[in-house]
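Read through the structure below, which is laid out as C-alpha coordinates, and then see the notes.
Everything numeric here is computed off the predicted structure, so don't read it as measured data. Throughout, protein chains are lettered first and strands after them, A, B, ... in sequence-line order, and every chain is numbered starting at 1.
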Protein chains: 2
Amino acid sequence: MGVTRSDLFTDEQNKIAQVAKGLAHPARIAIIQYLIKVNACINGDLVNELGLAQATISQHLRELKELDIIQGTIEGTRISYCINQNTLKTIQKEFNTLFDTASKGDNCC
Amino acid sequence: MGVTRSDLFTDEQNKIAQVAKGLAHPARIAIIQYLIKVNACINGDLVNELGLAQATISQHLRELKELDIIQGTIEGTRISYCINQNTLKTIQKEFNTLFDTASKGDNCC
DNA sequence: TTTATTCATTGCAATATTACGATTAATATT
DNA sequence: AATATTAATCGTAATATTGCAATGAATAAA
(Lines give C-alpha, C1' and ligand atoms only; values in the text may rest on other atoms or scores of the structure.)
Protein backbone atom coordinates (compact mmCIF):
# COMPACT_ATOMS: atom_id res chain seq x y z
CA MET A 1 0.00 0.00 0.00
CA GLY A 2 0.98 3.64 0.16
CA VAL A 3 -0.10 3.81 -3.45
CA THR A 4 -3.18 5.69 -4.57
CA ARG A 5 -5.90 3.42 -6.03
CA SER A 6 -6.48 5.62 -9.08
CA ASP A 7 -8.17 2.73 -10.87
CA LEU A 8 -11.18 3.21 -8.60
CA PHE A 9 -11.83 6.77 -9.74
CA THR A 10 -12.87 8.65 -12.83
CA ASP A 11 -10.38 10.42 -15.08
CA GLU A 12 -11.84 13.71 -13.93
CA GLN A 13 -11.34 12.87 -10.27
CA ASN A 14 -7.78 11.73 -10.89
CA LYS A 15 -7.02 14.81 -12.95
CA ILE A 16 -8.27 17.29 -10.37
CA ALA A 17 -6.42 15.44 -7.61
CA GLN A 18 -3.23 15.49 -9.67
CA VAL A 19 -3.44 19.22 -10.24
CA ALA A 20 -4.21 19.79 -6.56
CA LYS A 21 -1.14 17.75 -5.70
CA GLY A 22 0.90 20.05 -7.90
CA LEU A 23 -0.33 23.00 -5.86
CA ALA A 24 0.06 21.16 -2.56
CA HIS A 25 3.39 22.68 -1.55
CA PRO A 26 4.03 26.25 -0.39
CA ALA A 27 7.23 26.46 -2.44
CA ARG A 28 5.28 25.75 -5.60
CA ILE A 29 2.64 28.32 -4.65
CA ALA A 30 5.46 30.80 -3.99
CA ILE A 31 7.03 30.01 -7.37
CA ILE A 32 3.70 30.58 -9.13
CA GLN A 33 3.13 33.85 -7.28
CA TYR A 34 6.66 35.06 -8.00
CA LEU A 35 6.38 34.18 -11.68
CA ILE A 36 3.10 36.05 -11.88
CA LYS A 37 4.77 39.07 -10.26
CA VAL A 38 7.94 39.23 -12.34
CA ASN A 39 6.60 37.56 -15.51
CA ALA A 40 9.71 35.42 -15.97
CA CYS A 41 12.75 34.37 -13.98
CA ILE A 42 15.48 31.75 -13.72
CA ASN A 43 16.14 29.01 -11.20
CA GLY A 44 18.79 31.10 -9.44
CA ASP A 45 16.33 33.92 -8.81
CA LEU A 46 14.00 31.49 -7.06
CA VAL A 47 16.84 30.09 -4.97
CA ASN A 48 17.49 33.61 -3.67
CA GLU A 49 13.81 34.42 -3.32
CA LEU A 50 12.68 31.25 -1.52
CA GLY A 51 15.76 30.14 0.39
CA LEU A 52 15.67 26.52 -0.71
CA ALA A 53 18.61 24.73 -2.33
CA GLN A 54 19.06 24.86 -6.08
CA ALA A 55 18.34 21.16 -6.48
CA THR A 56 15.13 21.50 -4.50
CA ILE A 57 13.88 24.43 -6.58
CA SER A 58 14.77 22.51 -9.73
CA GLN A 59 12.65 19.61 -8.52
CA HIS A 60 9.64 21.83 -7.82
CA LEU A 61 10.03 23.48 -11.22
CA ARG A 62 9.99 20.09 -12.88
CA GLU A 63 6.73 19.17 -11.16
CA LEU A 64 5.10 22.41 -12.27
CA LYS A 65 6.46 21.90 -15.78
CA GLU A 66 5.09 18.34 -15.93
CA LEU A 67 1.63 19.71 -15.14
CA ASP A 68 2.19 22.34 -17.82
CA ILE A 69 1.57 25.06 -15.25
CA ILE A 70 4.88 26.68 -16.20
CA GLN A 71 7.14 26.48 -19.21
CA GLY A 72 10.84 27.11 -19.69
CA THR A 73 12.86 28.64 -22.49
CA ILE A 74 16.57 27.95 -22.82
CA GLU A 75 18.71 31.07 -22.96
CA GLY A 76 22.35 30.10 -23.02
CA THR A 77 23.17 28.48 -19.70
CA ARG A 78 19.99 29.83 -18.18
CA ILE A 79 16.39 28.71 -18.48
CA SER A 80 13.74 31.37 -18.34
CA TYR A 81 10.58 30.14 -16.66
CA CYS A 82 7.13 31.62 -16.94
CA ILE A 83 3.49 30.83 -16.27
CA ASN A 84 1.43 28.96 -18.85
CA GLN A 85 -1.68 31.07 -18.64
CA ASN A 86 -3.82 28.71 -20.69
CA THR A 87 -3.23 25.84 -18.29
CA LEU A 88 -3.90 28.05 -15.31
CA LYS A 89 -7.20 29.16 -16.83
CA THR A 90 -8.21 25.57 -17.47
CA ILE A 91 -7.37 24.61 -13.90
CA GLN A 92 -9.34 27.56 -12.59
CA LYS A 93 -12.38 26.45 -14.59
CA GLU A 94 -12.09 22.87 -13.33
CA PHE A 95 -11.96 23.96 -9.71
CA ASN A 96 -14.83 26.37 -10.17
CA THR A 97 -16.95 23.64 -11.73
CA LEU A 98 -16.29 21.43 -8.74
CA PHE A 99 -17.08 24.18 -6.24
CA ASP A 100 -20.05 25.73 -8.03
CA THR A 101 -22.20 22.62 -7.91
CA ALA A 102 -21.83 22.61 -4.13
CA SER A 103 -23.58 25.90 -3.56
CA LYS A 104 -26.71 24.71 -5.35
CA GLY A 105 -27.74 22.00 -2.90
CA ASP A 106 -29.65 22.35 0.35
CA ASN A 107 -27.45 22.76 3.32
CA CYS A 108 -27.16 19.59 5.32
CA CYS A 109 -26.42 17.88 8.60
CA MET B 1 14.48 16.03 5.37
CA GLY B 2 11.25 14.85 3.86
CA VAL B 3 9.64 17.64 5.83
CA THR B 4 8.20 20.74 4.21
CA ARG B 5 10.05 23.95 5.15
CA SER B 6 6.87 25.89 5.92
CA ASP B 7 8.88 28.43 7.93
CA LEU B 8 10.19 29.83 4.64
CA PHE B 9 6.78 30.77 3.31
CA THR B 10 3.95 33.14 4.09
CA ASP B 11 0.84 32.07 5.96
CA GLU B 12 -1.12 32.55 2.77
CA GLN B 13 1.19 30.27 0.80
CA ASN B 14 1.09 27.61 3.49
CA LYS B 15 -2.68 27.85 3.75
CA ILE B 16 -3.31 27.44 0.02
CA ALA B 17 -0.86 24.54 -0.15
CA GLN B 18 -2.57 22.88 2.79
CA VAL B 19 -5.99 23.14 1.20
CA ALA B 20 -4.60 21.88 -2.10
CA LYS B 21 -3.13 18.93 -0.24
CA GLY B 22 -6.58 18.18 1.11
CA LEU B 23 -7.89 18.01 -2.45
CA ALA B 24 -4.86 16.08 -3.69
CA HIS B 25 -6.42 12.64 -3.68
CA PRO B 26 -9.08 11.27 -6.05
CA ALA B 27 -10.92 9.59 -3.17
CA ARG B 28 -11.36 12.92 -1.44
CA ILE B 29 -12.53 14.54 -4.67
CA ALA B 30 -14.97 11.65 -5.11
CA ILE B 31 -16.21 12.09 -1.53
CA ILE B 32 -16.79 15.81 -2.11
CA GLN B 33 -18.61 15.16 -5.39
CA TYR B 34 -20.75 12.43 -3.84
CA LEU B 35 -21.64 14.62 -0.86
CA ILE B 36 -22.61 17.42 -3.21
CA LYS B 37 -24.82 15.00 -5.15
CA VAL B 38 -26.62 13.31 -2.26
CA ASN B 39 -26.40 16.16 0.26
CA ALA B 40 -25.45 13.88 3.14
CA CYS B 41 -24.28 10.32 3.67
CA ILE B 42 -22.52 8.02 6.11
CA ASN B 43 -19.14 6.30 6.00
CA GLY B 44 -20.71 3.00 4.89
CA ASP B 45 -22.28 4.63 1.84
CA LEU B 46 -18.89 5.86 0.74
CA VAL B 47 -17.34 2.43 1.28
CA ASN B 48 -19.89 1.01 -1.16
CA GLU B 49 -19.60 3.94 -3.54
CA LEU B 50 -15.81 4.17 -3.75
CA GLY B 51 -14.66 0.61 -3.11
CA LEU B 52 -12.05 1.47 -0.49
CA ALA B 53 -11.91 -0.12 2.95
CA GLN B 54 -13.87 1.40 5.81
CA ALA B 55 -10.72 2.44 7.64
CA THR B 56 -9.38 4.17 4.56
CA ILE B 57 -12.60 6.13 3.96
CA SER B 58 -12.61 7.11 7.63
CA GLN B 59 -9.09 8.46 7.25
CA HIS B 60 -10.00 10.55 4.21
CA LEU B 61 -13.09 11.86 6.01
CA ARG B 62 -10.93 12.95 8.92
CA GLU B 63 -8.64 14.92 6.61
CA LEU B 64 -11.57 16.68 5.00
CA LYS B 65 -13.06 17.34 8.42
CA GLU B 66 -9.79 18.80 9.71
CA LEU B 67 -9.82 21.28 6.83
CA ASP B 68 -13.45 22.03 7.69
CA ILE B 69 -14.45 21.08 4.15
CA ILE B 70 -17.00 18.64 5.55
CA GLN B 71 -18.74 18.25 8.87
CA GLY B 72 -20.33 15.31 10.63
CA THR B 73 -23.41 14.92 12.80
CA ILE B 74 -23.78 11.94 15.09
CA GLU B 75 -27.01 10.01 14.56
CA GLY B 76 -27.02 6.99 16.80
CA THR B 77 -24.27 4.66 15.67
CA ARG B 78 -23.96 6.53 12.40
CA ILE B 79 -22.36 9.84 11.52
CA SER B 80 -23.98 11.88 8.81
CA TYR B 81 -21.43 13.79 6.76
CA CYS B 82 -22.06 16.81 4.58
CA ILE B 83 -20.28 19.64 2.80
CA ASN B 84 -19.43 22.81 4.68
CA GLN B 85 -20.44 25.26 1.98
CA ASN B 86 -18.89 28.28 3.68
CA THR B 87 -15.45 26.70 3.69
CA LEU B 88 -15.81 25.62 0.09
CA LYS B 89 -16.74 29.16 -0.92
CA THR B 90 -13.73 30.57 0.92
CA ILE B 91 -11.44 28.06 -0.77
CA GLN B 92 -12.92 28.91 -4.15
CA LYS B 93 -12.21 32.60 -3.55
CA GLU B 94 -8.63 31.92 -2.50
CA PHE B 95 -7.90 29.87 -5.60
CA ASN B 96 -9.55 32.43 -7.85
CA THR B 97 -7.46 35.20 -6.29
CA LEU B 98 -4.32 33.23 -7.02
CA PHE B 99 -5.32 32.47 -10.60
CA ASP B 100 -6.83 35.83 -11.50
CA THR B 101 -3.64 37.80 -10.97
CA ALA B 102 -1.94 35.53 -13.49
CA SER B 103 -4.09 36.56 -16.44
CA LYS B 104 -3.21 40.23 -15.96
CA GLY B 105 0.47 40.06 -16.82
CA ASP B 106 2.09 39.95 -20.24
CA ASN B 107 2.63 36.50 -21.55
CA CYS B 108 6.23 35.43 -21.27
CA CYS B 109 9.06 33.19 -22.39
C1' DT C 1 41.53 26.20 -23.79
C1' DT C 2 40.52 27.11 -19.20
C1' DT C 3 37.33 28.74 -15.98
C1' DA C 4 32.80 30.26 -14.49
C1' DT C 5 27.87 30.04 -14.52
C1' DT C 6 23.68 27.77 -14.63
C1' DC C 7 20.67 24.07 -14.02
C1' DA C 8 19.18 19.05 -14.35
C1' DT C 9 19.91 14.65 -12.37
C1' DT C 10 21.39 11.16 -9.09
C1' DG C 11 21.61 9.19 -4.67
C1' DC C 12 20.48 9.34 -0.11
C1' DA C 13 18.08 10.25 4.47
C1' DA C 14 14.07 11.79 6.83
C1' DT C 15 9.38 12.12 6.90
C1' DA C 16 4.58 11.77 5.03
C1' DT C 17 0.88 9.39 2.76
C1' DT C 18 -2.02 5.58 1.47
C1' DA C 19 -4.28 1.39 2.44
C1' DC C 20 -6.11 -2.18 5.22
C1' DG C 21 -6.84 -5.73 8.96
C1' DA C 22 -7.78 -5.82 13.67
C1' DT C 23 -9.47 -3.76 17.58
C1' DT C 24 -12.25 -0.70 20.26
C1' DA C 25 -16.19 2.13 21.57
C1' DA C 26 -20.69 3.46 21.19
C1' DT C 27 -25.41 2.97 20.22
C1' DA C 28 -29.39 -0.11 18.41
C1' DT C 29 -31.85 -4.18 18.19
C1' DT C 30 -33.36 -8.60 19.73
C1' DA D 1 -28.16 -9.20 28.66
C1' DA D 2 -26.52 -10.65 24.17
C1' DT D 3 -25.81 -9.47 19.58
C1' DA D 4 -25.51 -6.43 15.54
C1' DT D 5 -24.22 -2.17 13.34
C1' DT D 6 -21.38 1.64 12.64
C1' DA D 7 -17.27 4.18 12.56
C1' DA D 8 -12.91 5.83 14.86
C1' DT D 9 -8.30 4.44 15.99
C1' DC D 10 -4.07 1.60 16.13
C1' DG D 11 -0.46 -0.88 14.02
C1' DT D 12 1.93 -2.03 10.07
C1' DA D 13 3.60 -2.35 5.25
C1' DA D 14 4.34 -0.18 0.93
C1' DT D 15 5.17 3.77 -1.50
C1' DA D 16 5.71 8.87 -2.23
C1' DT D 17 7.54 13.31 -1.09
C1' DT D 18 10.84 16.66 0.49
C1' DG D 19 15.38 18.39 0.81
C1' DC D 20 20.16 18.63 -0.13
C1' DA D 21 25.09 17.53 -1.42
C1' DA D 22 27.48 15.95 -5.18
C1' DT D 23 27.97 15.28 -9.86
C1' DG D 24 27.41 16.06 -14.72
C1' DA D 25 26.29 18.64 -18.96
C1' DA D 26 25.99 22.65 -21.47
C1' DT D 27 26.99 27.29 -22.69
C1' DA D 28 29.44 31.73 -21.83
C1' DA D 29 33.49 34.41 -20.67
C1' DA D 30 38.40 34.95 -19.91
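- Contacts with DNA chain D (heavy atom under 4.0 Å) in residues 43-53 of chain B: B:Asn43, B:Gly44, listed by number.
- Under the 4.5 Å side-chain criterion, counting only non-hydrogen atoms from C-beta, B:Asp100 is in contact with A:Gln92.
- Using N1 to N3 plus N6-O4 or O6-N4 for Watson-Crick, or N1-O2 and O6-N3 for G-U wobble, each under 3.5 Å, D:dA22 pairs with C:dT9.
- Pairs passing the ring-ring contact (aromatic ring centres under 6.0 Å, His included) check and including a residue from residues 28-56 of chain B, sequence neighbours excluded, do not occur.
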Between N or O atoms, less than 3.5 Å apart, protein on one side and nucleotides 15-18 of chain C on the other: list the pairs.
unit_1: C:dT15; atom_1: O4'; unit_2: B:Met1; atom_2: O; d: 3.1
unit_1: C:dT17; atom_1: OP1; unit_2: B:Lys21; atom_2: NZ; d: 3.4
unit_1: C:dT18; atom_1: OP2; unit_2: B:Arg28; atom_2: NH1; d: 3.3
unit_1: C:dT18; atom_1: OP2; unit_2: B:Glu63; atom_2: OE2; d: 3.4
unit_1: C:dT18; atom_1: O3'; unit_2: B:His25; atom_2: NE2; d: 3.4
unit_1: C:dT18; atom_1: O2; unit_2: A:Gly2; atom_2: N; d: 2.4

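- With sequence neighbours left out, B:Val3 forms a side chain to side chain contact (heavy atoms under 4.5 Å, CB included) with no residue at all.
- With sequence neighbours left out, A:Glu94 forms a side chain to side chain donor-acceptor pair (under 3.5 Å) with A:Lys15.
- Nearest-nucleotide assignment on DNA chain C puts the 5′-proximal partner with A:Leu61, out of A:Leu61 and A:Ser6.
- With sequence neighbours excluded, the residues forming a side chain to side chain contact (heavy atoms under 4.5 Å, CB included) with A:Gln59 are A:Arg62, listed by chain and number.
- Between the CZ atom of A:Arg62 and the C1' atom of D:dT17 there is a distance of 12 Å, given to the nearest Å.
- Per the geometry, CD belonging to A:Glu66 stands 14 Å off C1' belonging to D:dA16, to the nearest Å.
- The phosphate of D:dA7 has neither OP1 nor OP2 within less than 4.0 Å of any side-chain N or O from B:Arg78.
- Among residue pairs with one or both ends in residues 71-89 of chain A, none qualify as salt bridge (Lys or Arg N to Asp or Glu O under 4.0 Å); sequence neighbours excluded.
- In this structure, A:Ile31 places its CD1 atom 12 Å from P of C:dC7, rounding to the nearest Å.
- In this structure, the CG atom of A:Leu23 is 14 Å from the P atom of D:dT17, given to the nearest Å.
- Applying the side chain to side chain contact (heavy atoms under 4.5 Å, CB included) criterion to A:Ala55, with sequence neighbours excluded, gives no partner residue.
- The CD1-P distance, from A:Ile57 to C:dT5, rounds to 20 Å in whole Å.
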Side-chain donor-acceptor pairs of residues 4-13 of chain A under 3.5 Å, sequence neighbours excluded:
unit_1: A:Thr4; atom_1: OG1; unit_2: B:His25; atom_2: NE2; d: 3.4
unit_1: A:Arg5; atom_1: NE; unit_2: A:Asp7; atom_2: OD1; d: 3.3
unit_1: A:Arg5; atom_1: NH2; unit_2: A:Asp7; atom_2: OD2; d: 3.4
unit_1: A:Thr10; atom_1: OG1; unit_2: A:Gln13; atom_2: N; d: 3.0
unit_1: A:Thr10; atom_1: OG1; unit_2: A:Gln13; atom_2: OE1; d: 3.3
unit_1: A:Gln13; atom_1: OE1; unit_2: A:Thr10; atom_2: N; d: 2.9
unit_1: A:Gln13; atom_1: NE2; unit_2: B:Gln33; atom_2: OE1; d: 2.7

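- Annotation: side chain to side chain contact (heavy atoms under 4.5 Å, CB included) contacts of A:Thr87 (sequence neighbours excluded): A:Asp68, A:Ile69, A:Asn84, A:Ile91.
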What pairs of nitrogen or oxygen atoms, one from the protein and one from nucleotides 22-30 of chain C, lie under 3.5 Å apart?
none

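- Side-chain contact between B:Asn14 and B:Gln18 is absent, with no heavy-atom pair separated by less than 4.5 Å.
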Please tabulate, for side-chain N and O atoms in residues 40-53 of chain B, each donor-acceptor pair with protein atoms closer than 3.5 Å (sequence neighbours left out).
unit_1: B:Asp45; atom_1: OD2; unit_2: B:Ile42; atom_2: N; d: 3.2
unit_1: B:Asn48; atom_1: ND2; unit_2: B:Gly44; atom_2: O; d: 3.4

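- Across all strands, A:Ile42 comes closer than 4.0 Å only to sugar-phosphate atoms, never to a base (heavy-atom distances).
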